[in-house]
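Structure record follows, encoded as structure tokens.
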Amino acid sequence: MKKKICILGLGYIGLPTSAMFASHGHEVIGVDINNHVIDALNRGEIIIEEPYLDILVQAAVTSGNLRAYKEPKKADVFIIAVPTPLTKDLKADLAYVEKATETILPYLENGNIVVLESTSPTGTTKELIAPILEKSGLKIGEELFIGYSPERVLPGQILMELVNNNRIIGGINRKSAEMIRDVYKTFVKGEMYLTTATTAEMCKMMENTFRDVNIALANELAKICEEIGINAWEVRELANKHPRVDIHKPGPGVGGHCLAVDPWFIVDKAPEFAKIIKLSRVTNNSMPNHVFNRVEEILKDVQEEKKVTILGITYKPNIDDIRESPIIELIELLEERQYKISIVDPYINEFKYLQEDIKKAVRNSDLLVLAVNHDEFRAINFREIYKEMRSKIVLDTRNFFDESSIKKEGFSYHLLGKKSRQYSKSIENAMKEIAAAK
Ligand code: SAJ
């Protein structure tokens, strides 16, 4: 049955969700506080990059099923998908959730459904949203059905995952959970699991925390292997041949608005107990500095003003999102030490030091740092850039390049998670000296 669905927040989650409901025949009222987002959407355009989202949004707007407004309207279902950023003192900032909930109050009617999708600390639905909505005079769970159903989509494949992922539906009571499930049934092909709102809130935070903790373990392994002089990537590959082991990938740090943020919400709720979770955040946050130290060490013999070219600044490959990107911190550390910097990133249009042409970017560079493994970097012609670079050195933080083909072109190759002493310049020089003395 065609429903009126009012979605608050037209960002990475609200927008695709709106387009999905609209393309399945519902009338969707998109609400955002940003005029720019509203105007673009009503022209059928989007301001974020996500595969196929532009086509879906355009079709939804053209069909008349999706329109954006500054204020909510009466509807059958209200979905809140606004940001829950991290405050400076590492807590969840729930101001947008609170505001959005308050703005729908005047429009609520008997039989309505209200769903929170934003990642939120445990208790948000029950202790923050429910008391606000009670002011409508409607009886929660009997006249107004509320719950929490987190999104789980991966940027870069949002539309596919929105449809196919399993979904958790946490209701304030059973009836609410069932009613919310029936709303998402419109387009969700994955399984839907019903639980309480508070359990669902914890599930969402824990899913991202699971990944963050496992990446921290991989990053710790990388540091340990560098110390011992073996290759963490080889350890990872071989250990993962075990049927119950899945070591994640080390890297220059964890970015994005989820993994780098959500674990703090748990730490804030239970600081005495959330010890591994907190240490993992600290470990992952240490990685830009760790990469910076590797850069310093690799270039310690370069006397002139040192120049580093960075490949990729987004928080992960093949997307245009730089939120919480650890590479930005690496750049700041290089700036502090007066390095000359150039950047190449095919997904970014504007950023300091950005160069379109890799040959120009690497001119007189001493080091090429592969920071983000964008597919486009596979096409780099090392023979060509060899001539442009002053020192022919590569630091690969993602185990992305093929070591032997890079070395064949005359480069020395360094890898995060491996620090074989034989590549160190001082040892190379010592070896040369020994050879000369013979
Ligand atoms: N990363 C590593 N090593 C790895 C995997 C990732 O260093 O082995 C880094 C990436 O480079 C990136 C960061 O982690 O900087 C996060 O990337 P991601 O691809 O793991 O996750 P996000 O933040 O893009 O999306 C996550 C997803 N959560 C999980 O996989 C549990 C997604 O399903 C959620 O919907 C999303 O957070 C969200 O919105 O919460």
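One-based numbering, in listed order, for ligands and for the atoms of each.
- What sits closest to atom 33 (O) of ligand 1 on the protein, heavy atoms only, is R152 O, 2.7 Å.
- Near R398, meaning under 4.0 Å from any of its heavy atoms, are these atoms of ligand 1: 11 (O).
- Here K419 pairs with E297 in a salt bridge; the nearest charged N to carboxylate O distance falls below 4.0 Å.
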Solution key, residues 21-33 side-chain donor-acceptor pairs under 3.5 Å, sequence neighbours excluded:
{"from": "S23", "atom 1": "OG", "to": "A19", "atom 2": "O", "distance (Å)": "3.1"}
{"from": "S23", "atom 1": "OG", "to": "M20", "atom 2": "O", "distance (Å)": "3.0"}
{"from": "H24", "atom 1": "ND1", "to": "M20", "atom 2": "O", "distance (Å)": "2.8"}
{"from": "H26", "atom 1": "ND1", "to": "K3", "atom 2": "N", "distance (Å)": "2.9"}
{"from": "H26", "atom 1": "NE2", "to": "T186", "atom 2": "OG1", "distance (Å)": "3.2"}
{"from": "D32", "atom 1": "OD1", "to": "N34", "atom 2": "N", "distance (Å)": "2.9"}
{"from": "D32", "atom 1": "OD2", "to": "L10", "atom 2": "N", "distance (Å)": "2.8"}

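- Atoms of ligand 1 found under 4.0 Å from any heavy atom of K204 (numbered from 1 in listed order, with element): 34 (C), 35 (O), 38 (C), 39 (O), 40 (O).
- Here the protein heavy atom with the shortest distance to atom 35 (O) of ligand 1 is V153 O, 2.7 Å.
- The heavy-atom pair separating K204 from T119 by the smallest distance is CE-OG1, 3.3 Å.
- Annotation: Y96, atom OH; neighbour count of heavy atoms from other residues, nucleotides and ligands within 6.0 Å does not exceed 12.
- Looking at K249 against ligand 1, both its backbone and its side chain come within 4.0 Å, counting heavy atoms.
- When every heavy atom of I80 is checked against every heavy atom of T101, the shortest pair comes out as CD1-OG1, 3.6 Å.
- Remark: ligand 1 atoms within the under-4.0 Å shell around heavy atoms of Y315 are 10 (C), 11 (O), 12 (C), 15 (O), 16 (C), 17 (O), 22 (P), 23 (O), 24 (O).
- Looking only at heavy atoms of the protein, atom 9 (C) of ligand 1 is closest to I215 CD1, 4.1 Å.
- Ion pairing between a basic and an acidic side chain is recognised when a charged N comes within 4.0 Å of a carboxylate O; E335 and K340 show no such pairing.
- Nearest to atom 25 (O) of ligand 1 among the protein's heavy atoms is L154 CD1, 3.5 Å.
- Protein heavy atom in closest approach to atom 36 (C) of ligand 1: C258 SG, 3.4 Å.
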Below 3.5 Å, can you tabulate the donor-acceptor pairs from side chains in residues 148-156 to any protein atom, sequence neighbours excluded?
{"from": "Y148", "atom 1": "OH", "to": "S118", "atom 2": "O", "distance (Å)": "3.1"}
{"from": "S149", "atom 1": "OG", "to": "R167", "atom 2": "NE", "distance (Å)": "3.0"}
{"from": "S149", "atom 1": "OG", "to": "I168", "atom 2": "O", "distance (Å)": "2.9"}
{"from": "E151", "atom 1": "OE1", "to": "V153", "atom 2": "N", "distance (Å)": "3.2"}
{"from": "R152", "atom 1": "NE", "to": "E207", "atom 2": "OE1", "distance (Å)": "3.2"}
{"from": "R152", "atom 1": "NE", "to": "E207", "atom 2": "OE2", "distance (Å)": "3.1"}
{"from": "R152", "atom 1": "NH1", "to": "N166", "atom 2": "O", "distance (Å)": "2.8"}
{"from": "R152", "atom 1": "NH2", "to": "E207", "atom 2": "OE2", "distance (Å)": "2.5"}

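- Distance from atom 30 (O) of ligand 1 to its nearest protein heavy atom, with residue and atom name: R211 CD, 3.2 Å.
- Protein heavy atom at the shortest distance from atom 19 (O) of ligand 1 is K316 NZ, 3.0 Å.
- The distance from ligand 1 to the heavy atoms of H248 drops below 4.0 Å at these ligand atoms: 8 (O).
- The pair E296-K300 does not meet the salt-bridge criterion, since no charged nitrogen lies less than 4.0 angstrom from a carboxylate oxygen.
- Using a 4.0 Å cutoff on heavy atoms, G255 counts as a contact of ligand 1.
- Separation of the F382 and F411 ring centroids falls under the 6.0 Å cut-off.
- Counting atoms of ligand 1 from 1 in the listed order, those under 4.0 Å from a heavy atom of P155 are 24 (O), 25 (O).
- Every atom of ligand 1 with a heavy atom of E151 under 4.0 Å away is listed here by number and element: 35 (O), 38 (C), 39 (O), 40 (O).
- Taking every heavy atom of both residues into account, I38 and A68 meet most closely at CG2-O, 3.6 Å.
- Below 30°, between 30° and 60°, or above 60°: for H374 and F377 the angle between ring planes is between 30° and 60°, a tilted geometry.
- Under a 4.0 angstrom heavy-atom cut-off, N208 registers as being in contact with ligand 1.
- With ligand atoms numbered from 1 in the order given, ligand 1 contributes 31 (C) to contacts under 4.0 Å with heavy atoms of E207.
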